[in-house]
Novice: 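I have a structure here, written as structure tokens, and I will follow up with some questions on it.
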Amino acid sequence: MTVTQRRGRRIMMTPGELDEFLAEQRTCRVATVSADGRPHVSALWFAWDGTSLWLYSITCSRRWAQLRHDPRLAVVVDDGEEYGELRGAELSGTAVFVGEAPRTGEVCPELELPERLFARKNFGMDEMPHDGRHAWLRLTPDSVASWDFRKL
């Protein structure tokens, strides 16, 4: 992963701060590209495993179709209300489809950790409920930019 910030290093999150932030946040905004080049942004819940962002997407969504055509994406996770509280991160790279689509719970060792993290954070459960409509995307970011205005 490459840190792409040249300016704003003073407010950049350390790797530990970024891990903690991504582990506690719930919602991200996912930007994909349509066939004609127009951007599309949508909100999703996610899990962070310390290396990759795991997105649980509806397989019949516009986002899913666009990523099948062009797997490039950018994701923003942010928090804060007042200017001095604002913090966040932008992660970008290529989406990788993991497991069956839609997910029905077939054994997939690569999904054990993200499903446990996601289920605990978002459902308060130890096991992931599968609805036959969602499937997993993994973003191991090529670049990350972060900010934490509380450092000002």
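Here, residue 1 is the first one in the sequence, and each next residue gets the next number.
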Novice: State, to 0.1 Å, how close Ala135 and Glu100 come at their nearest heavy-atom pair, and which atoms those are.
Specialist: CB-O, 3.7 Å

Novice: Donor-acceptor pair, Lys151 side chain versus Arg10 backbone, under 3.5 Å?
Specialist: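 No, the answer is negative, given that no donor and acceptor are paired below the 3.5 Å cut-off.
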
Novice: Assigning hydrophobic clusters by single linkage (Ile, Leu, Val, Met, Phe, Trp, Tyr; side-chain heavy-atom cutoff under 4.5 Å), is Leu53 placed with Phe97?
Specialist: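 Yes, because Leu53 and Phe97 connect within a single hydrophobic cluster, where side-chain heavy atoms sit under 4.5 Å apart.
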
Novice: For Trp48 and Leu91, what are the C-alpha separation, side-chain angles and deciding distance, and is it a side chain to side chain contact (heavy atoms under 4.5 Å, CB included)?
Specialist: CA-CA 12 Å; Trp48 172 252; Leu91 303 88; 3.9 Å; yes

Novice: Answer whether the closest heavy-atom distance between the side chains of Arg120 and Asp126 falls below 4.5 Å.
Specialist: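 Contact flag for Arg120/Asp126 side chains = yes.
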
Novice: Counting C-beta onward and ignoring hydrogens, is there a side-chain heavy-atom pair between His130 and Glu106 closer than 4.5 Å?
Specialist: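 They are not in contact (no side-chain heavy atoms under 4.5 Å apart), so the answer is no.
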
Novice: Using a side-chain heavy atom cutoff under 4.5 Å and only I, L, V, M, F, W and Y, what cluster partners does Leu117 have?
Specialist: Leu113

Novice: Say whether, by atom type as modelled, one donor and one acceptor occur between the side chain of Glu112 and the main chain of Val107 under 3.5 angstrom.
Specialist: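 No, because the side chain of Glu112 does not come within donor-acceptor range (under 3.5 Å) of the backbone of Val107.
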
Novice: Would you say that more than 12 heavy atoms from the other residues, nucleotides or ligands in this model lie under 6.0 Å from the CZ of Arg72, or not?
Specialist: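 At most 12 heavy atoms, drawn from other residues, nucleotides or ligands, come within 6.0 Å of this atom.
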
Novice: Grab the two heavy atoms, one from Ser34 and one from Gln66, that are nearest each other, plus how far apart they are.
Specialist: CB-NE2, 3.2 Å

Novice: If you count the non-hydrogen atoms of other residues, nucleotides and ligands that lie under 6.0 Å from CD in Glu20, is the total more than 12?
Specialist: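 For Glu20, atom CD is not crowded (no more than 12 foreign heavy atoms under 6.0 Å).
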
Novice: Quick check: do Glu82 and Phe149 have side-chain heavy atoms less than 4.5 Å from each other?
Specialist: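 Not touching, per the 4.5 Å side-chain cut-off.
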
Novice: Would you name the heavy atoms of Trp147 and Asp78 that are closest together and state the gap between them?
Specialist: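 Scanning both residues completely, I find the closest heavy atoms to be CZ2-CB, 4.4 Å.
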
Novice: Locate the shortest heavy-atom distance separating Leu73 from Ala95; write the atom from each residue and the value.
Specialist: CD2-N, 3.3 Å

Novice: Please give me the minimum heavy-atom distance between Thr59 and Ala101, naming the atom from each residue.
Specialist: CG2-CB, 4.2 Å

Novice: Does atom CD of Glu85 have more than 12 heavy-atom neighbours, drawn from other residues, nucleotides or ligands, at distances under 6.0 Å?
Specialist: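 Atom CD in Glu85 is packed in, count exceeds 12.
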
Novice: Going by side-chain heavy atoms closer than 4.5 Å, which hydrophobic residues are tied to Trp45, directly or by a chain of links?
Specialist: Trp54, Tyr56, Val96, Val98, Leu111, Phe118, Phe123, Met125, Met128, Trp136

Novice: Salt-bridged, Arg103 to Glu115, with N to O below 4.0 Å?
Specialist: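 Salt bridge: yes.
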
Novice: Heavy atoms, side chains only, cut-off 4.5 Å: are Val30 and Leu137 in contact?
Specialist: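 No; the side chains remain at least 4.5 Å from each other.
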
Novice: Is it true that a side-chain atom of Arg68 and a backbone atom of Pro71 form a donor plus acceptor pair closer than 3.5 Å?
Specialist: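 Side chain of Arg68 to backbone of Pro71, a donor-acceptor pair under 3.5 Å: no, none is there.
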
Novice: Side chain of Arg133, backbone of Pro102: donor and acceptor closer than 3.5 Å?
Specialist: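 Not a single qualifying donor-acceptor pair exists.
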
Novice: Taking all atoms of both residues into account, what is the closest heavy-atom pair of Ala43 and Arg63, and its distance?
Specialist: O-NH1, 4.1 Å

Novice: Do Thr51 and Thr140 come within less than 4.5 Å of each other through their side chains, counting heavy atoms only?
Specialist: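 A side-chain contact exists here, since the closest heavy-atom pair is under 4.5 Å.
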
